[in-house]
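Here is the structure we will look at.
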Amino acid sequence: MTTLFSSYRLGALTLPNRVVMAPMTRVRAGAGGLATPSMAAYYAQRATAGLIVTEGVQPNAVGQSNPGTPGLHTDAQTDSWRQVTDAVHTNGGRIFAQLMHGGRVSHPDTIGTVPVGPSAVAAVGDVFTPTGPQPAPVPRALETAEVPEQARSYAEAARRAVEAGFDGVELHGANGYLISQFLSSNANLRTDRYGGPVAHRIRFAVEAAAATVDAVGGDRTGIRLSPGADFWGVHDTDVTGLYTQLLTELARVGVGYVHLEATSDDEVLLALRRAWAGPLVMNPVLPMGPRQTGRKDADRWLDLGADLISFGRAFLTNPDLVERLRARLPLTEVDESAYYQGGDEGYLTYTSHRYTA
């Protein structure tokens, strides 16, 4: 009988359990987008997860969304990540880098230039900047000839990730960032080959995924999606049709897994599970919603056909989450004030329970 603690074969990796640490931005990177010793300790503490997916990592300079986030587009950044992957592997873990291009969800004060997007349509809400929240600016619409370069940036970062010791990468196609913006029916108003009908709006995601698969292999390539979500004002029409067509193309190019967020109702999500025959990671509750994922949510989605279950906030304050779930122990409540405050307080200050056989 499959349980949350059953092993699972994901590509070339044997995961000892089906618990995935979801990607969560913590803005603890050093100057120049470098990974730090504290980041190495943070991920190593959570290495009992079947798989760790890191915080969003910008694949190029214009792709940075928030200050204090790490990159994978310079030699120094690549070198800095080796301490993280070495620490996780030494502790027996497996780790993928999430590649996140923010697109229009950025600011000139953060990246030194006007952000880019599929169209000159601003995101809804304030974005983080070095001087505090500011209204999202109107992005510069990418020229048709520029779009492939942005798609290839994921593949180039993936090569660097493997060089740095990562077991693979996850493309961030969710939550209103660049891939999600291209998929959208209101952030993408293009009339060229990347906009308009669904077959055109999915093209950027498919090209980014195909380039990454070519660069590092399908077994090392996943993608995270948030069907029907309205993050940063991104809206999708015909959610089931859009994502079914996208999943069909992702299967064709050989993506190794899909990571779905519970941003639509069960009817939509189960239709997408049927459309995607490959490994499925399910995040069972709304990201940043009113509650965090628990054992009951995980078991329910395993019964509904998910292969792996991702936990976000529960991992922040419970580095030993796998064993706490196994023993049905209470979880330490998350401290929202520590999400982005910087420093080791609220980052490395949570301890693991002592377990005995």
(request) Identify which one of Tyr154, Phe96, Tyr177, Phe231 satisfies the ring-ring contact (aromatic ring centres under 6.0 Å, His included) criterion when paired with His172. (result) Tyr177
(request) For the pair Asp320 and Arg324, find out whether any cationic side-chain nitrogen is under 4.0 Å from an anionic carboxylate oxygen. (result) yes
(request) Report yes if some heavy atom in the side chain of Arg224 is under 4.5 Å from a heavy atom in the side chain of Ser310; otherwise report no. (result) yes
(message) What I'd like to find out is whether the side chain of Trp276 reaches to under 4.5 Å of the side chain of Leu272, using heavy atoms alone.
(response) no
(message) How about OH on Tyr194, more than 12 heavy atoms from neighbouring residues, nucleotides or ligands closer than 6.0 Å, or not?
(response) yes
(message) Which label fits His259 and Tyr257: parallel for a plane angle under 30°, tilted from 30 to 60°, or perpendicular past 60°?
(response) tilted
(message) Could you check whether Arg18 pairs with Asp299 (Lys NZ or Arg NE/NH1/NH2 to Asp/Glu carboxylate O, under 4.0 Å)?
(response) no
(request) May I have the step-by-step check of salt bridge (Lys or Arg N to Asp or Glu O under 4.0 Å) for Glu323 and Arg326, ending in yes or no? (result) CA-CA 5 Å; Glu323 290 309 317; Arg326 193 192 306 270; 3.2 Å; yes
(message) Any salt bridge linking Arg152 with Glu149? Criterion: basic side-chain nitrogen under 4.0 Å from a carboxylate oxygen.
(response) no
(request) Before accepting this row, confirm whether a basic side-chain N of the pair Arg160/Glu163 lies closer than 4.0 Å to the acidic partner's carboxylate O. (result) no
(request) Quickly, which of Gln58, Gln64, Gln150 forms a side chain to side chain donor-acceptor pair (under 3.5 Å) with His101? Name it, please. (result) Gln150
(request) Check whether any side-chain heavy atom of Thr54 sits under 4.5 Å from a side-chain heavy atom of Ile95, and report yes or no. (result) yes
